[in-house]
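Read the structure below first, then the notes.
The structure presented is a predicted model; accordingly, all values stated were derived computationally and were not measured. Position 1 is the first residue of the sequence, and the numbers go up from there. Atoms considered below: every heavy atom in the structure, side chains included; atoms not considered: hydrogens, waters and symmetry mates. Remember, it's 1-based here, ligands and their atoms both numbered in the order they're listed.
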Amino acid sequence: MHRHILTTPDGSSYPILTGAGLLDICGTELAAVMKPCRAVIVSDEHVAPLYMAQVKKSLADAGFSVSEFVVPAGEESKSVATLGSVLEAFCEAHLTRTDIAVALGGGVIGDLTGFAAGCYLRGIRFVQLPTTLLAAVDASVGGKTAVNLEHGKNLAGLFHQPSAVICDINTLKTLSEHEIQDGSAEAVKHGILDDPALFEIYESGVPTEKFEEIIVRSVIYKSRIVTEDPNEKGVRKMLNLGHTPAHAIERLSDFGISHGHAVAIGTAMMTRAAVKRGILKNDAAARILNTLKRTGLPTVCPFGVSEMARIAALDKKAAASEITVILPETIGRCRMEKLPISALEALFTDGMEGQA
Ligand code: NAD
Ligand code: GLY
C-alpha cells in the first residue's frame, strides 16, 4: 500500500491510500483518522451491487454505524435534484455535525457526495473511496465538489477537502475499457503538465500493468498543486488543461461523450493551438496526439468552431469575461494564458485545424 499525506495551507491534512484490497480494511484505516461515528455511504446503481456490502462490513466491523443511499449511475446524477435527495438521505440517517458521508464510486459520486457533505449542516466531513481510474488519479483528490446546472458543468459547488481518500485498485478490474480510457486521459494530462515518466508509461509502456504507479504519480503531482493553491486562485488552473473545450463537448453531446474522452479531445485541441502559436514544437505535439490515440482516446472534435465557442462562452460567462487557457510548451511543462472570452473562437479554430 502507498500512503501519501496531502497538507493544505491551513495546516490540515488527510491521507491518500492506494493499493490492492483496501476496501476490506477501509474501516480500520478510517478509524485511525477519526472516531467511529454514523456514516452514510453514497454510491450508484452500478457500483453498489459490486462493492457496497464489502465497504459496509468493513466500516461496521470498525465500529461505524452505517447506512447507504444509492443514486442512478451517470453524469445525470450530478444535478440539483439528486443533491437534494442525498441531503434528505443524510437527514433520514440523522447525520449530525460529527458524522460522515462516504463517496463510493467514480467522479460523479465523489463530486455529488462531497458537495452534499460540504453544505449539509454547513459542512460535515466526507471520505472518498474512488472506484474509477478517473476518480483515483484526479477527482477524489483536492476537494473540488460540484453539480451541473442547465447553464453548464460544475456551476454549483464548493471546495471541501475529504478527510481521507482510500483507493482500492482491485475495483478497477470491473471497469470497461471506455472507463479506463476516461481515467487515462486525466493521467496523460498530468504527464503533459508535469511528469514525462508518467507520460511515457502511456506513450510506450503497458499502462494496464502500472495502475498503482499511474495513480500514485498523479496523486503526488496533484497534491503538490492543491497544497500550493487549494482554491484555484493560480497554479491549480493548470489542471484544467483541455477542460474549456471539454466542457463544451460534453454539453453539446448531451453528455453522450464522457468527461475523460472530452478532456482528450480538448487536450488535442490545445496541443494543435500551441503549435499554431509557436509555443510547442511539432515533434512534441505529434508525441501527445499519438499517445492519446495509442490509449484509445479521441483527438478530433465532432462539433463546429462556432457552436463550441458559443457554448464555452455561455459556460464561462456565468462567472467571468476572461478565461485562462493552458497550452503545452513541452512534455512535462505547460503555460497559462488569459484570454478574453471573445478570443475563444480563434483558439478553437487553431485547435481544430488539420485534425485527423
Ligand atoms: P462516473 O462516476 O460516472 O463513473 C463512470 C461509470 O463507471 C459509471 O457508470 C459508474 O457507475 C461506473 N463505475 C464506477 N466504478 C466502477 C467500477 N469499479 N466497476 C464498474 N463500474 C464502475 O464517471 P468518472 O469518469 O469516474 O467521473 C467523471 C466525473 O468526474 C465528471 O462529472 C467530472 O466532471 C468529474 N471530475 C471531477 C474532478 C474533481 O476534481 N472534482 C476531476 C475530474 C473529473
Ligand atoms: N480536476 C481539476 C482540479 O481538481 O483542479
Atoms in ligand 1 flagged as close to [X], the criterion being non-hydrogen separation under 4.0 Å:
X    : answer
D111 : 35 (C), 36 (N), 37 (C), 39 (C), 41 (N)
K78  : 31 (C), 32 (O), 33 (C), 34 (O), 35 (C)
H46  : 8 (C), 9 (O), 10 (C), 11 (O)
T171 : 17 (C), 18 (N)
L50  : 19 (N), 20 (C)

Would you please say whether a donor-acceptor pair under 3.5 Å links the side chains of [X] and [Y]?
X    : Y    : value
H261 : D182 : yes
K144 : N154 : no
S85  : E88  : no
E250 : H259 : yes
Y51  : T174 : yes

| task | Search all heavy atoms of V137 against all heavy atoms of S218 and return the closest pair with its distance. | result |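 Between these two residues, the closest heavy atoms are O-CB, 3.5 Å.
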| request: Taking all heavy atoms of A356 and all of V300, pick out the closest pair and write down the distance. | output: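 Looking at all heavy atoms of both residues, the shortest contact is C-CG2, 3.6 Å.
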| task | Examine F126 together with H160 and report whether their ring centres are nearer than 6.0 Å. | result |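 Centroid distance F126-H160: below 6.0 Å, so yes.
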| field | Check: G74 N/O within less than 3.5 Å of ligand 1 N/O | value |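 For ligand 1, there is no N or O atom that lies under 3.5 Å from one belonging to G74.
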| E186 N/O under 3.5 Å from ligand 1 N/O |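 Looking only at distances, the answer is no, because the N/O contact criterion of under 3.5 Å is not met.
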| said: If you measure every N or O of N240 against every N or O of ligand 2, does any of those distances drop under 3.5 Å? | reply: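 The answer is no, given that N240 and ligand 2 share no N or O pair closer than 3.5 Å.
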| request: Report yes if H243 has an N/O atom closer than 3.5 Å to an N/O atom of ligand 2; otherwise report no. | output: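 The answer is no, given that H243 and ligand 2 share no N or O pair closer than 3.5 Å.
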Just heavy atoms, cut-off under 4.0 Å: does [X] contact ligand 1 by side chain, backbone, both, or neither?
X    : value
V108 : both
T174 : both
K144 : both
T145 : neither
T131 : both

| query | Does the side chain of Y120 come within less than 4.5 Å of D99's, by heavy atoms? | reply |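 Result no, sub-4.5 Å side-chain heavy-atom pair not found.
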| field | Part of D138 with heavy atoms under 4.0 Å of ligand 2, whether side chain, backbone, both or neither | value |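 Contact part for D138 vs ligand 2: side chain (C-beta onward).
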| field | Nearest-neighbour protein heavy atom for atom 5 (O) of ligand 2, which is reported as residue plus atom name and distance | value |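 That would be R236 NE, 2.7 Å.
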| request: Tell me which protein heavy atom sits closest to atom 4 (O) of ligand 2, plus the residue, atom name and distance to 0.1 Å. | output: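 Going by distance alone, atom 4 (O) of ligand 2 is nearest to K222 NZ, 2.6 Å.
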| query | Relative to atom 13 (N) of ligand 1, which among V71, V47, D44, L104 owns the nearest non-hydrogen atom? | reply |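 Result: the heavy atom closest to atom 13 (N) of ligand 1 is in V47.
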| The one among K173, E76, E179 that brings a heavy atom closest to atom 6 (C) of ligand 1 |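 It is E179 whose heavy atom sits nearest to atom 6 (C) of ligand 1.
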| message | Going by salt bridge (Lys or Arg N to Asp or Glu O under 4.0 Å), D195 matches just one of R217, K189, R333. Which one? | response |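 Per the salt bridge (Lys or Arg N to Asp or Glu O under 4.0 Å) rule, the option paired with D195 is R217, out of R217, K189, R333.
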| task | Report the C-alpha separation of V147 and D111 in whole Å, then their side-chain angles, then the decisive distance to 0.1 Å, and conclude whether the side-chain contact (heavy atoms from CB on, under 4.5 Å) test is met. | result | CA-CA 7 Å; V147 297; D111 282 12; over 6 Å; no
Can [X] be said to touch ligand 1, with heavy atoms closer than 4.0 Å?
X    : result
K222 : yes
E45  : no
K153 : yes

| said: Are more than 12 heavy atoms, taken from residues, nucleotides or ligands other than K237, located less than 6.0 Å from that residue's NZ atom? | reply: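 Yes, because the 6.0 Å sphere around NZ of K237 holds more than 12 heavy atoms from other groups.
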| task | Might you work through the side-chain hydrogen bond (donor to acceptor under 3.5 Å, both in side chains) test for Q181 and S184, ending with a clear yes or no? | result | CA-CA 5 Å; Q181 289 159 358; S184 298; over 6 Å; no
